[in-house]
Amino acid sequence: MILEKTFHLSVGREAKIVVRGQVARNRSEIIIDYEFLIREKHDTGFREPIGPNHPQYWKLKKSTPERAQLLQLEYSGISRKQIKEATREFKRAFGPGYTFRYQNEIEERTKYLKGIRVSALSRRMLSVA
């Protein structure tokens, strides 16, 4: 099962969390994995936050899959609250009777993730552009 949840961020960017669930062997356990995508105002489709032209691209390529996913999350601008909201909605769609396990422990590793913060002045400047 796949759940896609889109959030409108304050800087004119949209962020999408794709939550994928795969049934484990015992059929009562679901393994959850995440993907993080962004879309700027002028873009037509969603893309990964760190692409080949990004300064952190080579750090991403050298990292372990778990660390690479955390880097993508960090540069997407998504907050911990938004991740929890998407996960809660995903679990609700599956219903009771399932146990959930994470491919990578995203929620545990994002204790201080705040998302994108902008001041009122920055918000006005972004709305004019």
- Task: Over 60° means perpendicular and under 30° means parallel, so classify the ring planes of Tyr34 and Phe36, tilted if in between.
- Result: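 Judged by the thresholds at 30° and 60°, the geometry between Phe36 and Tyr34 is parallel.
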Look up atom [atom1] in [X] and atom [atom2] in [Y], then write down how far apart they are to the nearest 0.5 Å.
X	Y	atom1	atom2	answer
Gln72	Arg67	CD	CZ	11.5 Å
Phe94	Leu3	CZ	CG	10.5 Å
Leu71	Glu48	CG	CD	12.0 Å
Arg13	Phe7	CZ	CZ	15.0 Å
Glu40	Glu14	CD	CD	10.0 Å
Ile17	Ile83	CD1	CD1	5.5 Å

- Using modelled atom types only, decide if a donor and an acceptor are shared between the side chain of Glu4 and the backbone of Val19 within a distance under 3.5 Å.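 Checked: no pair found.
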- Query: Are the side chain of Gln69 and the backbone of Glu66 linked by a donor-acceptor contact shorter than 3.5 Å?
  - Reply: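 Pair absent, no side-chain N/O of Gln69 close to backbone of Glu66.
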For [X] and [Y], work out which heavy atoms get closest and say how close.
X	Y	value
Ala86	Lys5	CB-CB, 4.3 Å
Ala15	Leu9	CB-CD1, 3.9 Å
Gln82	Ile78	OE1-CA, 3.4 Å
Gly45	Arg39	O-CG, 3.6 Å
Ile38	Pro49	CD1-CA, 3.8 Å
Thr6	Phe46	CG2-CZ, 4.0 Å

[X] versus [Y]: any side-chain heavy-atom pair under 4.5 Å?
X	Y	answer
Glu35	Arg20	yes
Ile30	Arg101	no
Lys16	Val18	yes

- Item | Neighbour count above 12 (heavy atom, 6.0 Å) for Glu85 CD |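 Check passes, neighbour count above 12.
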- Task: Report, as yes or no, whether the 6.0 Å neighbourhood of atom OH on Tyr98 holds more than 12 heavy atoms from other residues, nucleotides or ligands.
- Result: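 At most 12 heavy atoms, drawn from other residues, nucleotides or ligands, come within 6.0 Å of this atom.
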Applying the 4.5 Å side-chain criterion to the ILVMFWY set and letting contacts propagate, would [X] and [Y] be lumped into a single cluster?
X	Y	result
Met1	Tyr102	yes
Val23	Ile32	yes
Trp58	Leu60	yes

